[in-house]
Amino acid sequence: MTERPALRRPARAGRPISWTARAAKVARVALGAMVATLLAGCTVIPVPASTGTSGAAASNTTSSTTSAGSSQPSQASGAVPSSTTALPSTADPASTAEPLAAASAVAALTEFLDFPDLTPLLVPSPDPEVLSPLLDEALTVQDGSVSAAVRDGLTGELLYDQGADTAVVPASAVKVLTAVAALDVLGPDHRYTTAAVGMPAGPEGTAVVLEAGGDVMLGTGANADEANGRAGLGTLALKTAEALQAQGTTGTVSVQLDDSGYEGPATSPDWSGDIVSSGNASVVQPMATYGGRAVPSRDTDRLHDPALYAAEVFRDQLAAHAQTLELDITLAAETSRVPADSAAAEPTSPEPESTGTELASVQSASLAEQMTYMLQSSDNQVAEATGRNLALAAGAPGSFSGAAQTIEETLAGLEVDTTGLALVDASGLSGENLVSASQLTAAMQVATTAPDLEAAVTGLPVAGEQGTLEERMVGTEAAGNVQAKTGTLSSVASLTGTVKTEDGRTLLFSFVANGQPGVLDNARFAVDRGAVVLAGCGCR
């Protein structure tokens, strides 16, 4: 059997952040800020602000009970309900005038001098003293508590703090941390490789070993344009059949699966007992189709053994293509796993030598695309596999603990204060995860300043338009202006992301409600109200 491990530990594909380069960028921005300050004193043309009301629009909503441990919202909350007290706009038309002449001058100067765009420096940031009472009211819940942090997206200044440094259960907001760490460790352009390796099997037989490479978004047919299903097992089978034909292979061909790259328990002991039965996740393996499903639909159940299912799909596709190509081979009926003692448990290099011959391979969508899919759909299977993949790439065990430790260490390396941070998984399914709202916004702050990490923010769902926020905050000022990761457990509702204010200032926020009753409508409306307040805020 092959001596090459199923899941290869890739050489670090991501570029470490250059602190020298970052310091230079900061210096340039600071210099530009001084220029902007001088130009801001020029004659300007006052423009009245939008007269849209702040607060929430009315909508009919339904109540449902979220199963324990579910990290994927089970129903839409829609716009904030009519029973919610309307939050008045505090914007004064005179105070929201945009310094157009100064902005135009700054834009011309920055282009000429090759400065970064300085226009955001001229957009006013909310006044914390005006913002605080509005958010205090919006984030009020009937039960439990809400931890919250709001940062200025440009300066990182903490504008609102309600228990921001208290470590709380964040639910699926953990996926933001997983995305940041994966993009830093692996790099946004990293792609997982799934390979078919041929080797002798007996005197007249050939074994085709399907080597898992960490891609749990394989497709069952041809390569696809979508991220989910980009690498197609049908395409891999066709390429493999053509390679066997070119080699003149005859006789019996068996398909074997090598998915030995991960270790430790395949489901977390820290998960609620119904996580797997409810379909929120399946066993965590380094190969799967469509995030552990047989078809690319979130309305279908997860597979009991996703990796073996993928191997069986490959075997059936290989048999079909062999018949079409009229190969003189017979496919063994059973698909089996490579014996554990025949697969190397510990790789000795990023590309270990193999006694077999690679017949064909397919590559996943880029990591940035996979992270966007994970955040948009809140896919737990993708999150857990990603956690293991980044752990292996960093030299840690491909396990729950290895993933959690690597995510924490990566965040610390990015200068996020990890005091009190405690992770036990990469998806947020466990109620044992502890993260503060301040840490979540700090991680996003890092992502917004490092191009390699930006997919952790740009890939978030959009209120009223995309992903798990498609049917939330519809018809409010937040629609189209809020990008955020939803989070839901049996007693947790959270919302973590970015918002563009009425004036065009970008803010980073995290609202996490803990200790909630089984029906989460009140808490979900509260975190949505907070986002709506920020979107409609001049707050000066």
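What you see below is based on every heavy atom in this structure, not just the backbone, and it leaves out hydrogens, waters and symmetry mates.
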Visitor: Test: ring-ring contact (aromatic ring centres under 6.0 Å, His included). Region: residues 356-381. Which pairs qualify, not counting sequence neighbours?
Guide: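 Checked against ring-ring contact (aromatic ring centres under 6.0 Å, His included) - neighbours excluded - no pair reaches residues 356-381.
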
Visitor: So do the side chains of S378 and K175 get within less than 4.5 Å of each other, counting heavy atoms only?
Guide: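 S378 vs K175: side chains touch.
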
Visitor: With sequence neighbours excluded, tell me which residues meet side chain to side chain contact (heavy atoms under 4.5 Å, CB included) with A243.
Guide: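 Testing A243 for side chain to side chain contact (heavy atoms under 4.5 Å, CB included), a comparison that skips the adjacent residues, returns L359.
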
Visitor: Just wondering, do D528 and F511 contact through their side chains at under 4.5 Å, heavy atoms?
Guide: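 A side-chain contact is absent here, since even the closest heavy-atom pair is not under 4.5 Å.
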
Visitor: Would you please name every residue forming a side-chain hydrogen bond (donor to acceptor under 3.5 Å, both in side chains) with Q516, sequence neighbours left out?
Guide: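 Per chain and number, Q516 pairs via side-chain hydrogen bond (donor to acceptor under 3.5 Å, both in side chains) with no residue.
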
Visitor: List for me each residue that meets side chain to side chain contact (heavy atoms under 4.5 Å, CB included) alongside A394, sequence neighbours excluded, and say none if there are none.
Guide: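 Testing A394 for side chain to side chain contact (heavy atoms under 4.5 Å, CB included), a comparison that skips the adjacent residues, returns V185, T406.
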
Visitor: May I ask you to test the L469-T486 pair for a side-chain heavy-atom distance under 4.5 Å?
Guide: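 SC-SC contact between L469 and T486 confirmed.
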
Visitor: Is there a side-chain contact between V180 and V457 (heavy atoms, below 4.5 Å)?
Guide: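 V180 vs V457: side chains apart.
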
Visitor: Any ring-ring contact (aromatic ring centres under 6.0 Å, His included) pairs touching residues 392-414, not counting sequence neighbours?
Guide: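 Applying ring-ring contact (aromatic ring centres under 6.0 Å, His included) to every pair that reaches into residues 392-414, excluding sequence neighbours, yields W271-F400.
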
Visitor: So, for M473 and A531, which heavy atoms are closest and what is the spacing to 0.1 Å?
Guide: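 Scanning both residues completely, I find the closest heavy atoms to be SD-CB, 3.8 Å.
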
Visitor: Please report the shortest heavy-atom distance between A179 and L375, naming the atom on each side.
Guide: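 The answer is CB-CD1, 4.4 Å.
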
Visitor: Could you list all the ring-ring contact (aromatic ring centres under 6.0 Å, His included) pairs where at least one residue sits in residues 304-325, not counting sequence neighbours?
Guide: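 Pairs touching residues 304-325 that pass the test: none.
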
Visitor: Keeping E384 on the side-chain end and Q381 on the backbone end, is there a donor-acceptor pair under 3.5 Å?
Guide: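 No: the side chain of E384 does not pair with the backbone of Q381.
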
Visitor: Quick one: does L423's side chain get under 4.5 Å of L421's, heavy atoms only?
Guide: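 In short, these two side chains touch, coming nearer than 4.5 Å.
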
Visitor: D165: which residues meet the side chain to side chain contact (heavy atoms under 4.5 Å, CB included) condition with it, sequence neighbours left out?
Guide: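 Only S438 meet the side chain to side chain contact (heavy atoms under 4.5 Å, CB included) criterion with D165.
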
Visitor: Is the closest side-chain heavy-atom distance between L331 and R315 below 4.5 Å?
Guide: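 In contact.
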
Visitor: Return the set of residues passing side chain to side chain contact (heavy atoms under 4.5 Å, CB included) with S510 (not counting sequence neighbours), or none when no residue passes.
Guide: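 Side chain to side chain contact (heavy atoms under 4.5 Å, CB included) list for S510, sorted by chain: A437, L440, T441, T496, V512.
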
Visitor: Under a 4.0 Å N-O cut-off, is there an ion pair linking D379 with R302?
Guide: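 So D379 pairs with R302 through a salt bridge.
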
Visitor: Taking side-chain hydrogen bond (donor to acceptor under 3.5 Å, both in side chains) as the test, write out the residues that go with T419, two or more places apart.
Guide: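 side-chain hydrogen bond (donor to acceptor under 3.5 Å, both in side chains) list for T419, sorted by chain: D417.
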
Visitor: Report the residues that fulfil side-chain hydrogen bond (donor to acceptor under 3.5 Å, both in side chains) with T249, sequence neighbours left out, ordered by chain and then residue number.
Guide: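 If we apply the side-chain hydrogen bond (donor to acceptor under 3.5 Å, both in side chains) test to T249, skipping adjacent residues, there are no hits.
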
Visitor: For D305, check salt bridge (Lys or Arg N to Asp or Glu O under 4.0 Å) against everything at least two apart and list the hits.
Guide: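 D305 satisfies salt bridge (Lys or Arg N to Asp or Glu O under 4.0 Å) with R337 only.
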
Visitor: With sequence neighbours excluded, what pairs up with R230 under the salt bridge (Lys or Arg N to Asp or Glu O under 4.0 Å) test?
Guide: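 Once residues adjacent in sequence are excluded, the partners of R230 under the salt bridge (Lys or Arg N to Asp or Glu O under 4.0 Å) criterion are E369.
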
